[in-house]
Amino acid sequence: MKSTKPTRTRFAPSPTGYVHLGSVRTALYNYLFAKQHDGTYILRIEDTDQTRKVDGAVENLISVMSQLGMPHDEGPYRDGSNGPYFQSKRLQLYANKVKQLLDSGHAYYCFCAPERLTRLREEQQAQNLPQGYDKHCRDLSPETVQANLKDGKDFVIRLKVPQDKKIVFTDLVRGQLEFDSNLIDDQILIKSDGFPTYHFANVVDDHDMDISHVIRGEEWVTSTPKHILLYQAFGWETPSFAHLPLILNPDRSKLSKRQGDVAVEDFLKAEFCEETLINFLALLGWNPGSDREFFNLEELVSEFSLQKVSKSGAVFDREKLNWMNSQYHKKYLPEQRFLELVKPYANIDKLKSWSSSVLDKVLLTLRNQIDKPEDIKELLSFFLSRPTVDTLRGQECSDILKIESNNRLFRFIVSQLQGLDSLSSDGLRSITRSAQKDLGIKGKSLFMPLRVALTGATSGPEVFVFAEGLGKQECLERLLLAHKVHQDITQESE
RNA sequence: GCUCCCAUCAUCUAGCGGCCUAGGAUGUCGCCCUUUCACGGCGAACACAGGGGUUCGAAUCCCCUUGGGAGUACCA
């Protein structure tokens, strides 16, 4: 019973311009499943709707997917032996296949005008009847069909859905599903413009490309029986199916543009890194069976399983996404990767003279204060600009600066500093230590004045590393300024 | 309307008959740590939709009700 066929999955989006988050998750699960089984992950472009074509959409899609770290193994620009991978370039193939169905009596020509169909639907709707084609052309005589064709009448080709049949299949996430063929419409296979419909092209291509597992969104469950009927009409083996739960808006409707961003590009352009998005999306509808929440792509490949995919839809929770993103920036990203993400935002003139190792060190000490890369900018520029007298005289700082021992403290630090060739974080640390020992100043009245003098703020990251970045001269000047403000404040209050 | 699917904290979820006085995470609120801000640690509040069965025993199995969702196109 166990299939020995190689695992081949596919991601088959229609190129509508941007990449929907739901698409990314579908693609991700397909990718993970394929990789886990040493299989092949295929990208196929479903562009049979000529009216919805968007220029550049395919290129954008491919670049986004590779940016996310899951490029396709087979597909556009990466030909396997099953191309072409654009449905619009496979028209001849579909034509041959319908012919087959027409000849075997599984499909028929339908000459009904769209207006008739619309009217039919309206009537059915009014009477609360199930909607569907009334099979008007299903049993047209061959002569009539020939005559109509000869007259050049517009036509579509429909599937002749068998009556009174139960269609049963096992969905890998939902279990056994059952449908009554009498409720299934005689599906259009070829549109009057000669293009195949999704249903037809999809089945033909999946078979043609040897797809072993069809993993797609839940919106496709109800059309799966149609697809199965098609496989049967051709006498083909059906692939396995797995339908993924929908990703939902906060109001529990299908995730849509109306209620906020749904394009991955937008998230990528904003503050979210690829790692966060992949990790977060993976966990929307799937769980590892443990409490673990952080996974990189590689880890997902080994952990993923369709059995652990949940059946119910999942609300896209931006709060948790934000949290996960900040966790990635604070600690889960490798240091080099973090630096790479953050550096474009640290492109500040004043930093040009800093040695890159010191800059890296400073960026790294700022790391746990960051939720997203651009936060670094504000954080840095704040410390980079020398505190102004106004700042130092502000309530927050002056409370610290008016401490009496500051006089001795600043004098001490300045003189020690002057004796140094250059300032290192350890150098300043030991100066502080001796200030504590020699002057007997400690705790808040030791560290806070130093912090205020150097940064003009009462809170922030580790001052020592930062001081190294500033350099000896700048530190001296900041200390002298703070010292002066201290003296001024003290005098004024006397 | 019809068909199909789904149903545990506000949200993501664990749970596949006894380990459940239901676990984790986000968010919220406390406390601790930190001479700052964070990070971090600890804790609190918060859920098995309702009703029937089955069983010695049900969040877990069955049925009904209710609620939600998807599909119902010459769109995918």
Side-chain angles (χ1 to χ4, degrees), chain A residues 12-16 46-49 51-52 87 110 112-114 117-118 121 124-133 154-158 171 173-175 177-180 182-185 187-199 201-202 216-225 243 245-246 248 250-254 280 283-294 307-308 310-324 326-327 330-331 366-371 379 396 400 442-448 451-452 455 457-463:
Chain A
S14 54
T16 49
E46 310 235 329
D47 55 353
T48 55
D49 186 356
T51 61
R52 295 218 306 192
Q87 291 187 327
C110 168
C112 292
L117 268 16
T118 316
R121 210 175 5 254
Q124 289 166 336
Q125 212 156 15
Q127 295 175 52
N128 275 339
L129 276 122
Q131 295 172 38
Y133 181 55
D154 271 356
F155 67 86
V156 299
I157 298 175
R158 289 181 184 272
D171 186 290
V173 344
R174 268 146 229 283
L177 264 27
E178 195 177 308
F179 296 82
D180 178 357
N182 295 336
L183 269 354
I184 299 174
D185 213 2
Q187 199 59 42
I188 292 179
L189 268 21
I190 301 291
K191 302 183 259 188
S192 57
D193 66 359
F195 276 76
T197 56
Y198 164 83
H199 303 289
N202 188 270
R216 66 207 333 180
E218 190 193 313
E219 64 266 37
W220 299 108
V221 266
T222 33
S223 26
T224 304
H243 289 96
L246 260 16
L248 274 22
D251 71 357
R252 305 204 75 86
S253 58
K254 193 168 153 185
F280 189 75
L283 257 19
L284 257 197
W286 169 82
N287 78 80
S290 69
D291 288 342
R292 184 170 166 199
E293 297 203 277
F294 288 86
Q307 285 80 50
K308 286 266 170 205
S310 55
K311 298 192 197 34
S312 49
V315 173
F316 185 69
D317 182 356
R318 274 148 213 277
E319 299 268 24
K320 192 155 183 177
L321 208 219
N322 284 336
W323 167 78
M324 182 168 271
S326 76
Q327 290 293 302
K330 286 184 211 296
K331 57 184 192 195
L366 256 21
R367 185 172 181 178
N368 63 9
Q369 308 221 84
I370 277 176
D371 290 331
L379 228 38
E396 212 188 355
I400 300 295
K442 59 184 176 183
K444 200 169 172 174
S445 40
L446 172 63
F447 289 91
M448 287 307 272
R451 170 179 296 284
V452 168
T455 68
T458 56
S459 68
E462 167 79 275
V463 281

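The structure presented is a predicted model; accordingly, all values stated were derived computationally and were not measured. Lettering follows sequence order; numbering is per chain, from 1.
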Peer 1: Taking atom C1' in both G51(B) and A59(B), compute the distance separating them and give it to the nearest angstrom.
Peer 2: 16 Å
Peer 1: Answer yes or no: does a side-chain N or O of Asn368(A) lie under 4.0 Å from OP1 or OP2 of A38(B)?
Peer 2: no
Peer 1: Trp323(A) has a side chain; which of G27(B), A38(B), A76(B) sits nearest to it?
Peer 2: G27(B)
Peer 1: Closest approach to the side chain of His199(A), judged atom by atom: which nucleotide of A76(B), C5(B), U3(B) is it?
Peer 2: A76(B)
Peer 1: Report yes if a side-chain nitrogen or oxygen of Lys191(A) is closer than 4.0 Å to either non-bridging phosphate oxygen (OP1 or OP2) of C75(B); otherwise report no.
Peer 2: yes
Peer 1: Determine the Euclidean distance between corresponding P atoms of A58(B) and U21(B); express it in Å to zero decimal places.
Peer 2: 12 Å
Peer 1: Measuring only the C1' atom in each nucleotide, how far is G27(B) from G67(B)? A whole number of Å is fine.
Peer 2: 25 Å
Peer 1: Assuming nearest nucleotide by heavy-atom distance, tell me which of Val221(A) and Ser290(A) is located more 5' along RNA chain B.
Peer 2: Val221(A)
Peer 1: Heavy atoms from C-beta onward define the side chain here; which of C74(B), A76(B), A7(B) lies closest to that of Pro114(A)?
Peer 2: C74(B)
Peer 1: When you measure from the side chain of Arg121(A), which nucleotide among C5(B), A73(B), C6(B) comes out closest?
Peer 2: A73(B)
Peer 1: Choosing from G71(B), A25(B), G40(B), which nucleotide comes nearest the side chain of Thr222(A)?
Peer 2: G71(B)
Peer 1: Measure the distance from NE2 on His243(A) to P on U3(B) and round it to the nearest whole Å.
Peer 2: 20 Å
Peer 1: In whole Å, what separates the C1' atom of A49(B) from that of A7(B)?
Peer 2: 8 Å
Peer 1: Can you tell me the Watson-Crick or wobble partner of G43(B), both distances under 3.5 angstrom?
Peer 2: C29(B)
Peer 1: Starting at NZ of Lys311(A), measure out to CD of Glu218(A) and round the result to the nearest 0.5 Å.
Peer 2: 11.5 Å
Peer 1: Which of the following nucleotides, C74(B), G24(B), C6(B), is nearest to the side chain of Leu117(A)?
Peer 2: C74(B)
Peer 1: From CG of Leu284(A) over to P of U13(B), roughly how many Å is that when rounded to an integer?
Peer 2: 6 Å
Peer 1: Write down the distance between CG (Asp185(A)) and P (U72(B)), rounded to a whole number of angstrom.
Peer 2: 10 Å
Peer 1: When the P atoms of C33(B) and C48(B) are considered, how many whole Å apart are they?
Peer 2: 37 Å
Peer 1: How many angstroms lie between atom OG1 of Thr48(A) and atom NZ of Lys191(A), to the nearest 0.5 angstrom?
Peer 2: 4.5 Å
Peer 1: Quick one: look up who G71(B) pairs with, Watson-Crick or G-U, both distances under 3.5 Å, and put none if it's unpaired.
Peer 2: C2(B)
Peer 1: Are Arg252(A) and Ser312(A) close enough that a side-chain donor and a side-chain acceptor fall under 3.5 Å?
Peer 2: no
Peer 1: Is any NZ, NE, NH1 or NH2 atom of the basic residue among Asp47(A) and Arg52(A) found under 4.0 Å from an Asp or Glu carboxylate oxygen of the other?
Peer 2: no
Peer 1: Round to a whole Å and report the spacing from CG of Asp317(A) to P of U11(B).
Peer 2: 10 Å
Peer 1: When rounded to the nearest Å, what value does the distance between C1' atoms of A14(B) and A22(B) take?
Peer 2: 10 Å
Peer 1: Across all strands, who's sitting opposite A58(B) as a Watson-Crick or G-U wobble pair, both distances under 3.5 Å?
Peer 2: none
Peer 1: Please measure how far the P atom in C32(B) lies from the corresponding atom in G24(B), and state the result in whole Å.
Peer 2: 23 Å
Peer 1: Minimum heavy-atom separation for Pro196(A) to Ile190(A), with atom names?
Peer 2: CA-CD1, 3.9 Å
Peer 1: Please state how far atom CZ in Arg451(A) lies from atom P in U34(B), giving the value in whole angstrom units.
Peer 2: 15 Å
Peer 1: For atom P, what is the distance between C39(B) and C12(B), given to the nearest Å?
Peer 2: 25 Å
Peer 1: Enter the distance from Glu293(A):CD to Asn287(A):CG here, rounded to the nearest 0.5 Å.
Peer 2: 10.5 Å
Peer 1: Tell me the interatomic distance from Lys308(A), atom NZ, to A14(B), atom C1', rounded to whole angstroms.
Peer 2: 8 Å
Peer 1: Which listed nucleotide (A14(B), A76(B), G40(B)) is nearest to the side chain of Lys331(A)?
Peer 2: G40(B)
Peer 1: Just the rounded figure in Å: distance from P of A10(B) to CZ of Arg252(A).
Peer 2: 11 Å
Peer 1: Considering only C4(B), G24(B), C74(B), which nucleotide approaches the side chain of Ser192(A) most closely?
Peer 2: C74(B)
Peer 1: Between G15(B) atom P and Asp291(A) atom CG, what is the distance in whole Å?
Peer 2: 11 Å
